[in-house]
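What follows is a set of notes on a single structure, which appears directly below.
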2 protein chains.
Amino acid sequence: MERRKKQLVKRIGIFDSGAGGLTVLKELKASISGVKYYYLGDTARLPYGTKSSETIIRYTKQNAAFLIGKKIDVLIVACNTASAYAIPELRKFAADIPVTGVIHPGAKRAAKMTENGKIGIIGTRATISSGKYQKELKELDPDFRVFTNPAPLLVPLVEEGMVTGEVTEKLISMYLEPLLRKRIDTLILGCTHYPLLKQTIHEMYPGIMLVDSAEPIRDILLAGYEFPSGNGKTEIYVTDYPEGFGLLSHRFLEGNFDKIEHIDLQKLWKASNGTKIKKTK
Amino acid sequence: MERRKKQLVKRIGIFDSGAGGLTVLKELKASISGVKYYYLGDTARLPYGTKSSETIIRYTKQNAAFLIGKKIDVLIVACNTASAYAIPELRKFAADIPVTGVIHPGAKRAAKMTENGKIGIIGTRATISSGKYQKELKELDPDFRVFTNPAPLLVPLVEEGMVTGEVTEKLISMYLEPLLRKRIDTLILGCTHYPLLKQTIHEMYPGIMLVDSAEPIRDILLAGYEFPSGNGKTEIYVTDYPEGFGLLSHRFLEGNFDKIEHIDLQKLWKASNGTKIKKTK
């Protein structure tokens with residue numbers, strides 16, 4: 001049997017509404033080190049999770065256009081909210097560049113992990129009400145029982161660095177108790193900020209299996225593509241000035257990047273007439 | 001002595017990053033009913049309190065341009081963060097239209113209320129680090145002792161409608177205890193979302209005098225201008241689609257408005273080449 005040669009991926013683009021997607025970047029860098037990473041955090045317009053689908057799609061296309069201008073080979077949408085609303089539009093927009101969101105890989109991983117078929121999902125209000133995780137899980141197994149709860153306050157909590165402590169535990173139990181009463185054995189952390197709460201959640205509820213999307217995305221990439229060896233660089237771009245982001249990116253990524261730069265996405269988008277964004281300075 | 005005739009104000013424009021400024025609109029409508037109100041909530045780009053000053057000023061000018069296009073006579077910046085960073089730029093931009101922010105009136109009111117001269121301020125990170133409240137208070141009386149604490153999580157808490165309950169009280173005490181240890185007798189609620197927590201804060205700390213900016217702004221308007229009698233209309237504009245905002249505006253304003261409409265501020269701004277925004281459809 002002849003094995004089809006895998007595509008060589010030299011540049012990976014990742015975007016998120018803010019710093020949350022750095023949890024995905026970190027996981028990827030640990031396993032796939034020879035690639036050049038371009039990370040875009042749309043910090044000037046975050047959070048996406050409380051905005052309408054029209055607004056989310058518009059912002060998302062601008063983010064994609066910027067990264068496509070960097071000649072990426074694969075585009076990863078690290079934002080759950082953007083993944084829930086914009087993947088079909090992005091696939092059309094990105095043309096021949098493969099687009100991977102976080103929802104499909106996360107759902108697949110949860111489906112594999114659950115033993116009793118009862119799966120809980122927490123996410124932003126927009127992600128939960130999109131019904132995308134629920135739909136993916138039901139397609140994998142119509143017998144799954146899926147329970148959801150939007151957990152919007154966990155995002156600012158993580159942005160504030162409050163990943164442990166009394167208030168954090170109170171909020172976590174407020175959001176998780178209704179799901180635990182349904183006897184879920186697996187919980188999808190449906191927002192890229194939540195993995196920073198993994199340790200706290202695990203200590204509070206050691207019996208629950210926690211799913212974040214970083215690992216399954218890494219596995220998809222490793223299974224589908226070839227990568228150069230060596231040590232690639234990492235460039236980080238933000239739409240708001242990076243002072244605050246610097247702090248957050250250290251919290252998420254432990255300062256492991258080569259460049260952080262501010263861009264005016266609106267101006268670049270305008271100049272490009274809504275196609276690929278060519279120049280980044 | 002001849003009294004100077006006061007200017008007749010028929011239209012008042014108010015903007016905020018989101019729904020918080022509706023607390024100001026509500027207070028004004030109760031006392032000044034004959035005016036036509038235009039309220040703009042920049043919901044597509046909120047929150048401002050975590051963004052850089054450059055970004056805040058840029059967004060703020062676009063908001064002002066839209067309201068000036070409505071032929072307003074007075075512009076009220078109901079957002080503390082925008083008031084902290086953008087008032088001088090806005091005064092230049094708005095030319096002959098008087099611009100009132102929330103910080104100067106709030107500081108003046110606190111200065112009048114305090115008995116022991118120890119004043120506390122809570123606000124967004126951006127408002128507190130601007131130092132504007134602190135500066136205004138020191139100018140009013142250099143002997144004032146001013147203590148501040150950014151309270152960023154109170155904004156999403158109010159947006160979520162969690163204005164009472166255990167988590168809310170825990171967060172409030174987390175933010176206020178350091179100020180109370182300094183023996184403040186007056187607390188400036190330096191964010192338009194916080195007045196919705198007034199009742200809870202008052203019950204927790206009945207000895208502390210609470211200052212929000214809505215009342216002093218009303219007093220400034222009543223002292224400085226004439227208004228038509230009767231019942232004026234209220235139009236509300238948002239930059240993101242109003243489903244979620246509808247809920248919030250009911251929470252803040254009890255549904256008391258004539259129209260709520262979505263606008264694409266970025267497109268209008270572009271079409272107007274950065275001057276006054278003429279058309280709103």
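So you know, we letter chains A, B, ... as the sequences are listed, proteins then strands, and number each from 1. Side-chain atoms are counted along with the backbone in the values below, which use heavy atoms only and exclude waters and symmetry mates.
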Exercise for review: Using distance alone, with no hydrogens and no angle criterion, decide if A:Tyr175 and A:Lys170 have a side-chain donor and acceptor under 3.5 Å apart.
Suggested key: no

**Study point:** A:Thr43 side chain vs A:Gly18 backbone, donor-acceptor pair below 3.5 Å
**Key:** no

**Study point:** Which portion of A:Tyr59 sits near chain B, non-hydrogen atoms under 4.5 angstrom
**Key:** side chain

Check your understanding: Taking A:Leu157, A:Val167, A:Leu153 one by one, which has the highest count of heavy-atom pairs under 4.5 Å against chain B?
Key -> A:Leu153

Point to revise | Sidechain-backbone polar pair: A:Arg91 side chain, A:Val99 backbone, donor-acceptor under 3.5 Å | key: yes

Practice item. Sort out for me which of B:Arg45, B:Met174, B:Glu166, B:Lys51 touches chain A most, counting heavy-atom pairs under 4.5 Å. Key: B:Lys51

**Study point:** Criterion side-chain contact (heavy atoms from CB on, under 4.5 Å) on B:Val155 and B:Tyr194, from CA distance to verdict
**Key:** CA-CA 7 Å; B:Val155 174; B:Tyr194 300 168; 4.2 Å; yes

